[in-house]
Amino acid sequence: MSKILMKGNEAIAEAAIRSGCRLYFAYPITPQSELIEYMAKMMPKVNGTFIQAESEVAAINMVYGAAGSGKRVMTSSSSPGISLKMEGISYIAGAELPCVIVNVQRGGPGLGDIQPAQGDYFQATKGGGHGDYRLIVLAPSSVQEFADMASEAFDLADKYRNPVMILADGMLGQMMEPVEFKPAKTDAELQELANQHLSWCICPNADGDKKHHHEINSLELDPQVLEKHVLDLYKKYAEIEKNEARYETYNVSDDNEVLCVAWGTASRVVKSAINEVMKEGKSVGLIRPIRVWPYPYDAIKQAIGKNVKKVYVFELNSGQMVEDVKIAVEGKVPVDFWGKLGGVVFTPAEIKEKLETCF
Amino acid sequence: MPKMTVDPDYCKGCGLCINACPRKIIRLSENINAKGYNYAECFEQEKCTACKLCYITCPDVAITIEK
Amino acid sequence: MEIIAKRPEALTKEPFHYCPGCMHGVAHRLIAEAIDENGLINEIAGVAPVGCGVFAYKYFNFDMAEAAHGRAPAVATGIKRARPDMHVFTYQGDGDLAAIGTAEIVHAANRGEKISVFFINNAIYGMTGGQMAPTTLPNMKTTTSPYGRNVEDIGYPIRVCELLSTLVAPYYIERVSLLTSADIIKAKKAVEKAIRYNKENRGFTFVEFISTCPTNWGYEPEKARQWAKENMLPFFKPGVFRDKGEGVE
Ligand SMILES: Cc1ncc(C[n+]2csc(CCOP(=O)(O)OP(=O)(O)O)c2C)c(N)n1
Ligand code: SF4
Ligand code: SF4
Ligand code: SF4
Ligand SMILES: [Mg+2]
């Protein structure tokens, strides 16, 4: 299949439909509006459901209902709207329902601005909603990867019965790049997807005599039973941590004197800067977490070669990922951070300047 | 002959059926159920007309009517 | 001998946790009977609220979802859209539906979602111990209106049926009372109609029950019904506000 030039927001929408998503509920917000608009246009053409909900709160609760019915369902928003979804996300995690949530991040806190930012890292990876739960969080750095993550996200959600967030940003949402899509799921595959959750989801009693009573629920008043439920969730999360961390290495070698860690849009700029400093004969590597939960702690730890003097974290926030990097580095070398805030994306020249100070 | 029975496991002794019964043949038993409620009972089955008003009123769906 | 009235099949064996004499149980039974009578037990799902009705998911004998406070209409929308071959209803209290969930109920009604909503109006927050509800009557004392609801300060009770009746889409809206046996017989007809319309996928159907909270009102069950008859019914008048099936627009 040939490549199509597309905005990230449209690419993720198209890829979600191809992955078998036939239900989408959302509320408009910049910079993700192309996504909701694409869904409005395309869902009717595939006999899918598109609802512009009355709020992000309503949208995520529609997701709860549809996910509880065992169907592939997605919602999307940008930072302020994601905050509103946090109540629902906590319920979805508690009830162990599979769904996909896309966050096309913008500057915060509060209403912030509508420029690209990475300020929702804590919210996505450390909680955000109430209670003990985890979201699987995928962090694309190109339009192609953004699109590829649709099927990945749905598969992970189905496999672990857990909400999955794709944590993009306004840059990836708005920018146009050539994308190649995977073939759309066939009717037979859609049927198979629809059947995989019949043992627990809301569905008709196929055989009238064999009644079922499935409960979609996160309430448990007995403290012992609730504790067991949360412990079971954490067994599942441990399994996810063991199997599902993903990262990319760029120019990582024993010669590295500096090891960078950056994710999403920020990592693209860091790569360009590394190419520049390499021309000057300096060796800098990059670890890019492709998923920010589970976090690739081991990969970072192992990438610290004998010559590494410093681990440098670059983010479009105030340094939210630094804590995770420090956990990985275990104090072996200093960890430094530089970032831009307010929706400003740093340039390769700025990063290069920072890297040069390390030599 | 119509018959009204109360399942003591469900009854909470709220007394609403007593007021609802036009024949005034329901009372709270002196016995208590597992939850400690004096449950309702029909003390003059032969007067029951199977009008179902007790059943209709019972919030705990504790009553069965036979005819 | 033939059994002419017993626990409906659409209820599980689980005894209700409601206080003695609380009308939540009557509302549950009416809904369950209507589901049995319409033969829907294998293709219906319900959504429980946050409120005293929270455990409704244990009591109905088919698939149930427990929603976040006020969000039941959105959850029901998700279920109905995901499984259009099923029939879906919500069961909600006045705090759940008319305070925190105001947006969700208005917009589900406005979209004409093909679901039924059963609304228990007991003029109070039962579950959390008797705080003021959006339906608490003027001058009525609750734990958060200890001097009586001051309408100058906090406004008047919300009449939900009247509010929803301003929307074009809803198919059927009726307010009924559960305060006497005769009222319950009437209420049963309304519930049966809502479920039948739901079965026929006609549109959004809504039944409000004027109910009681003996515990938090501080009255014996029978006295509570008497109090509600005298105080609630004049403000929340029972009646059919919309019935497109019978030409009531
Ligand atoms: C988000 C949130 N806010 C508050 C609560 C606490 N809460 C539980 S039930 C309830 C009120 C329920 O009242 P109502 O809907 O009238 O139901 P009733 O108990 O009277 O049947 C409140 C405020 C909650 N569970 N979740
Ligand atoms: S069926 Fe009628 S007469 Fe018989 S006990 Fe019940 S209310 Fe009384
Ligand atoms: S109405 Fe029901 S619960 Fe109340 S006393 Fe009569 S049988 Fe018992
Ligand atoms: S608190 Fe009130 S509404 Fe809740 S179960 Fe008790 S009587 Fe019923
Ligand atoms: Mg209430």
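When reading the values below, keep in mind they use all heavy atoms of this one structure, side chains included, and skip hydrogens, waters and symmetry mates. Per chain, numbering begins at 1; letters A, B, ... match sequence-line order.
Between chain B and the options C:G25, C:P214, C:P20, the largest number of non-hydrogen pairs under 4.5 Å is found for C:P20. For the options C:S181, C:A27, C:C19, heavy-atom pairs under 4.5 Å to chain B are most numerous at C:S181. When the candidates C:K188, C:H28, C:M23, C:R225 are compared by the number of heavy-atom contacts under 4.5 Å with chain B, C:R225 comes out ahead. When B:V61, B:T64, B:I63 are compared by the number of non-hydrogen pairs under 4.5 Å with chain C, B:V61 comes out ahead.
Interface remark: B:C58 contributes backbone atoms only to the contact with chain C (heavy atom separation under 4.5 Å). For B:M1, the part sitting under 4.5 Å from any heavy atom of chain C is the backbone (N, CA, C, O) and nothing else. Heavy atoms of C:E220 lying under 4.5 Å from chain B are absent altogether. For B:K52, the part lying under 4.5 angstrom from a heavy atom of chain C is the side chain only. Both the backbone and the side chain of C:K13 come within less than 4.5 Å of a heavy atom in chain B. B:L53 touches chain C through backbone and side chain together, each having a heavy atom under 4.5 Å away. Of the atoms belonging to C:L11, it is side-chain heavy atoms, and not backbone ones, that fall under 4.5 Å from chain B.
A distance of 11.0 Å separates CZ of C:R29 from CG of B:D60, quoted to the nearest 0.5 Å. Between C:L179 atom CG and B:T57 atom OG1 the span is 11.5 Å, to the nearest 0.5 Å. Distance check, rounded to the nearest 0.5 Å: CG of C:L178 to CD1 of B:I56 gives 12.0 Å. In this structure, CD on C:E2 lies 9.5 Å from CD on B:E66, to the nearest 0.5 angstrom. Remark: B:K3 NZ to C:I4 CD1 distance equals 13.0 Å, nearest 0.5 Å. We find the CG-OG1 distance between B:L16 and C:T212 to be 8.0 Å, quoted to the nearest 0.5 Å.
More than 12 heavy atoms of other shown residues, nucleotides or ligands fall within 6.0 angstrom of atom NZ in B:K35. Heavy-atom contacts from other residues, nucleotides or ligands closer than 6.0 Å to CD of B:E30 number 12 or fewer. Applying the 6.0 Å contact sphere to NZ of C:K229 captures more than 12 heavy atoms from other residues, nucleotides or ligands. Few gaps surround NZ on B:K24; more than 12 heavy atoms of other groups in view lie less than 6.0 Å from it.
Across every non-hydrogen atom of C:P221 and B:C14, the tightest pair is CG-O, 3.9 Å.
Between the side chain of B:K12 and the backbone N or O of C:F16, at least one donor-acceptor pair lies under 3.5 Å.
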